[in-house]
Amino acid sequence: MVAARAGVSTATVSLVANGKTHGRVSEDNISRVRQAIAELGYVVDSVGSSLAKGVSSIVILVAPDISNPFFAKVIEGVRESLGSDFQLLLSVTEAGEFPRADDIRRLSALRPAGLLVDAPDAAFLENLSTTVPMVLLDAPGVEAYAPSVNLDVASGARELAAHLAGAGHRRVAYLDSVTGTATFTLRRTVFLEAAEALGMSVEPEHRISTTIDVGTAAEAFAAAWPQWRQAGVSAVVCATDTHAYGVLQEARVAGLRIPAELAVAGFDDLPYSASSNPGLTSVHLPATRLGLKAGEQLRGLIEGRDLEQPQLTLESSLIVRGSTERTAAG
């Protein structure tokens with residue numbers, strides 16, 4: 001219908017609709033086709049197009065629980081690297097749940113150009129067995145399954161333990177995430193090992209887990225704090241900054257002086273952490289760069305290029321702020 005109205009061939013309509021006119025279609029024909037498209041309300045059938053080409057322009061990002069604002073920065077990086085050539089589709093699980101291979105296999109009907117999988121476990125990757133180009137994000141321990149971009153979480157966790165020990169803390173509590181992905185296991189395990197080596201204790205009764213939510217973390221801290229305080233806990237380390245915001249919120253309600261009576265620290269270094277009151281000490285994990293590099297790796301695979309570094313690791317660093325650092329006056 002578009003071709004008939006514009007007085008051109010269907011092949012010309014296809015070239016115009018898919019933005020492939022350079023050197024192939026005259027400006028006059030482009031104008032006529034676009035006018036006919038506007039008059040008829042024509043929209044490209046992306047499913048039909050993907051069937052014809054064998055692949056679509058869709059990239060699927062599989063993520064466990066994107067309630068953590070950290071993911072917004074990851075997605076920002078992915079979008080920047082993929083540009084306008086690809087559409088990003090999110091496949092997200094409920095809080096605390098792992099993605100299921102069956103769900104991703106059903107999405108394969110869309111003929112995606114590639115997959116980005118955040119924080120997968122080995123069982124998921126074993127069951128997935130896909131031939132679609134795939135890159136893993138924040139996936140310590142499963143790098144053998146596909147090219148990956150990881151974060152050096154361990155280095156930051158050790159820096160945080162050394163910082164707290166240097167400030168004189170001896171009894172520390174740990175507020176974890178219920179999301180059982182490898183990155184949270186690594187954050188906790190490395191911090192606990194480093195803390196013990198530096199003479200700090202993090203007793204089992206001083207470790208709790210919640211979803212990545214400010215209100216839930218605040219409630220959990222409020223319930224645990226009386227016992228922690230009696231036991232001499234002077235610092236709380238949180239698996240994410242979001243958890244730490246909840247602790248800071250409830251600590252203010254309880255009238256606690258931060259950091260004189262309680263030091264608080266987190267992981268991720270979200271934008272709000274620099275401007276919170278007090279500023280939150282946090283292990284900086286480069287979320288935007290994680291998404292950017294993963295997208296670049298995937299784009300290389302989609303375009304059939306050999307990756308120079310199939311396995312990348314991005315550095316972490318400890319950003320010390322007022323929630324753990326006492327001023328001369330304090």
Side-chain angles (χ1 to χ4, degrees), residues 55 57-66 68-92 99 104 112-122 124-125 128 130-159 179 181-187 190 212 239-241 266-271 273 282-319:
V55 67
S57 61
I58 293 172
V59 167
I60 298 174
L61 171 58
V62 184
D65 181 12
I66 61 168
N68 187 352
F70 181 82
F71 279 109
K73 306 301 289 184
V74 174
I75 292 169
E76 178 184 318
V78 171
R79 289 296 312 137
E80 182 180 342
S81 62
L82 295 180
S84 59
D85 295 334
F86 297 93
Q87 296 172 296
L88 187 63
L89 174 67
L90 297 180
S91 176
V92 183
I104 308 308
L115 288 174
L116 293 167
V117 187
D118 185 274
D121 63 353
F124 169 81
L125 295 171
L128 186 58
T130 182
T131 58
V132 174
M134 179 171 65
V135 172
L136 311 180
L137 296 78
D138 199 7
V142 292
E143 298 92 336
Y145 288 89
S148 64
V149 183
N150 280 315
L151 299 167
D152 186 7
V153 175
S155 176
R158 293 188 189 101
E159 279 191 73
T179 306
T181 53
T183 182
F184 290 118
T185 300
L186 188 61
R187 297 176 195 198
V190 173
I212 304 174
T240 73
D241 284 7
F267 283 81
D268 293 339
D269 191 29
L270 299 177
S273 297
S282 183
V283 175
H284 175 73
L285 301 175
T288 303
R289 194 155 181 260
L290 175 65
L292 182 67
K293 289 299 181 182
E296 289 176 354
Q297 295 280 72
L298 182 63
R299 186 158 193 152
L301 294 177
I302 292 171
E303 294 172 355
R305 292 185 274 115
D306 292 330
L307 301 181
E308 292 183 9
Q309 290 182 277
Q311 312 298 335
L312 296 175
T313 300
L314 307 181
E315 293 183 358
S316 66
S317 58
L318 180 66
I319 308 298

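Quick caveat, the model's predicted, so the values are computed rather than measured.
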With I60, the side chain to side chain contact (heavy atoms under 4.5 Å, CB included) member among V117, V132, L115: L115
Smallest separation among heavy atoms of N150 and P140, with atom names: OD1-N, 3.4 Å
Derivation and outcome, side-chain contact (heavy atoms from CB on, under 4.5 Å), residues Y145 and L128: CA-CA 11 Å; Y145 288 89; L128 186 58; over 6 Å; no
From CD1 (I212) to CZ (F70), nearest 0.5 Å: 10.5 Å
Shortest non-hydrogen contact between S316 and G156, atoms and distance: OG-N, 3.1 Å
Interatomic distance, D241 atom CG to F267 atom CZ [nearest 0.5 angstrom]: 10.0 Å
Flag, side chain of S148 to backbone of L136, donor-acceptor distance under 3.5 Å: no
Worked verdict on V135 versus K293 for side-chain contact (heavy atoms from CB on, under 4.5 Å): CA-CA 10 Å; V135 172; K293 289 299 181 182; over 6 Å; no
Nearest atoms (heavy-atom pairs only) where A157 meets V283: N-CG2, 4.4 Å
Non-hydrogen atoms of S81 and V78 that approach each other most closely: OG-O, 2.8 Å
Other residues, nucleotides, ligands: >12 heavy atoms within 6.0 Å of E303 CD: yes
Set of salt bridge (charged side-chain N to carboxylate O under 4.0 Å, His left out) partners for E159, sequence neighbours left out: none
4.5 Å side-chain heavy-atom contact, S91 and I104: yes
Separation of L270 CG from H284 NE2 (nearest 0.5 Å): 10.5 Å
Derivation and outcome, side-chain contact (heavy atoms from CB on, under 4.5 Å), residues L290 and L314: CA-CA 7 Å; L290 175 65; L314 307 181; 4.3 Å; yes
Atom CD of E315: over 12 foreign heavy atoms under 6.0 Å: no
Close side-chain approach of L89 and P112, heavy atoms under 4.5 Å: no
Value rounded to 0.5 Å, distance of CE in M134 from CD in Q297: 13.5 Å
Electrostatic pair K73:D269 at N-O distance under 4.0 angstrom: no
Side-chain heavy-atom pair S57, D85 within 4.5 angstrom cut-off: no
From CA spacing to verdict: salt bridge (Lys or Arg N to Asp or Glu O under 4.0 Å), R299, E296: CA-CA 5 Å; R299 186 158 193 152; E296 289 176 354; over 6 Å; no
Which atom of L301 lies closest to which atom of P147, heavy atoms considered: CD1-CG, 4.0 Å
Nearest-0.5 Å distance, CG of residue D121 to OG1 of residue T185: 10.5 Å
E143 side-chain N/O to G141 backbone N/O, donor-acceptor pair under 3.5 Å: yes
Working for side-chain contact (heavy atoms from CB on, under 4.5 Å), residues L151 and T183: CA-CA 9 Å; L151 299 167; T183 182; 5.7 Å; no
Separation between OG1 of T288 and CD1 of I75, rounded to the nearest 0.5 Å: 11.0 Å
